[in-house]
**Q** 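This structure is in structure tokens; I'll ask about it shortly.
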Amino acid sequence: MNDIEEVLRSLDEKYPLVPHTHAGRLSSTVRRMKAEKELGVPINRRTGFAVSVKHGKPANELDEPSWEEFYQDLCHELRERYPDLHRQVFG
């Protein structure tokens, strides 16, 4: 039994579980992308945290039309799945 406890401790140290939710990740990503867009930050200087599965690239490596499409898709998902969070981001 001690061996498993050591293995679990090692896992907790090497691979800690972080209590993020889909809602939190999505709303913070949309909020950040919205702010970057409004402030006119060039795409290559924007956050690359979100990765477009469709294009296989981080958001900051997309061209303008692809970035806008990706952003709109994320906004739509936020609005459909988490309307209260959408209202918090967009008022």
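These numbers come from a predicted model, not from an experiment.
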**Q** Going by the rule side-chain contact (heavy atoms from CB on, under 4.5 Å), which residues pair with D73 if we only count those two or more places apart in sequence or in a different chain?
**A**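 Checked D73 against side-chain contact (heavy atoms from CB on, under 4.5 Å); matches are E69.
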**Q** Would a distance-only check, ignoring hydrogens and angles, find a side-chain to backbone donor-acceptor pair under 3.5 Å from S27 to A23?
**A** yes
**Q** As an exercise, state the distance from NZ of K34 to OG1 of T29, rounded to the nearest 0.5 Å.
**A**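 If I round to the nearest 0.5 Å, the distance is 14.5 Å.
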**Q** Could you measure the distance from the CD atom of E38 to the CD atom of E36? Nearest 0.5 Å is fine.
**A** 11.0 Å
**Q** Any donor-acceptor pair under 3.5 Å linking the side-chain atoms of H86 with those of E77?
**A** no
**Q** Distance check, rounded to the nearest 0.5 Å: S66 atom OG versus K57 atom NZ?
**A**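 Result: 7.5 Å between the selected atoms.
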**Q** With side-chain contact (heavy atoms from CB on, under 4.5 Å) as the test, would you mind laying out the steps for E68 and K37 before giving the verdict?
**A** CA-CA 9 Å; E68 189 61 38; K37 179 180 175 179; 2.9 Å; yes
**Q** If you link ILVMFWY side chains whenever their heavy atoms are less than 4.5 Å apart, which other residues fall into the same cluster as V41? By chain and number, please.
**A**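 Via sub-4.5 Å side-chain contacts, V41 links to L39.
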**Q** Can you tell me how far apart CZ (R46) and CZ (R32) are? Round to the nearest 0.5 Å.
**A**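 Reported to 0.5 Å precision, the distance equals 11.0 Å.
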**Q** Salt bridge check, R87 against D84: does any charged N sit closer than 4.0 Å to a carboxylate O?
**A**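 Salt bridge: yes.
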**Q** Indicate whether any N or O donor in one side chain lies under 3.5 Å from an N or O acceptor in the other, for H76 and R79.
**A** yes
**Q** Determine whether R31 and Q88 make a side-chain contact, defined as any pair of heavy atoms from C-beta on separated by less than 4.5 Å.
**A** no
**Q** When rounded to the nearest 0.5 angstrom, what distance separates CG in N44 from CG in D63?
**A**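 So the CG of N44 and the CG of D63 are separated by 12.5 Å.
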**Q** Is I43 isolated, or which residues cluster with it under the ILVMFWY side-chain rule of less than 4.5 Å, directly or via members?
**A** L26, V30, M33, L62, W67, F70, Y71, L74, L78, Y82, L85, V89, F90
**Q** Got a second to check how far S28's OG is from H20's NE2, nearest 0.5 Å?
**A** 8.5 Å
**Q** Which heavy-atom pair separates P58 from G48 by the least distance, and what is that distance?
**A**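 So the two residues come closest at CB-O, 3.5 Å.
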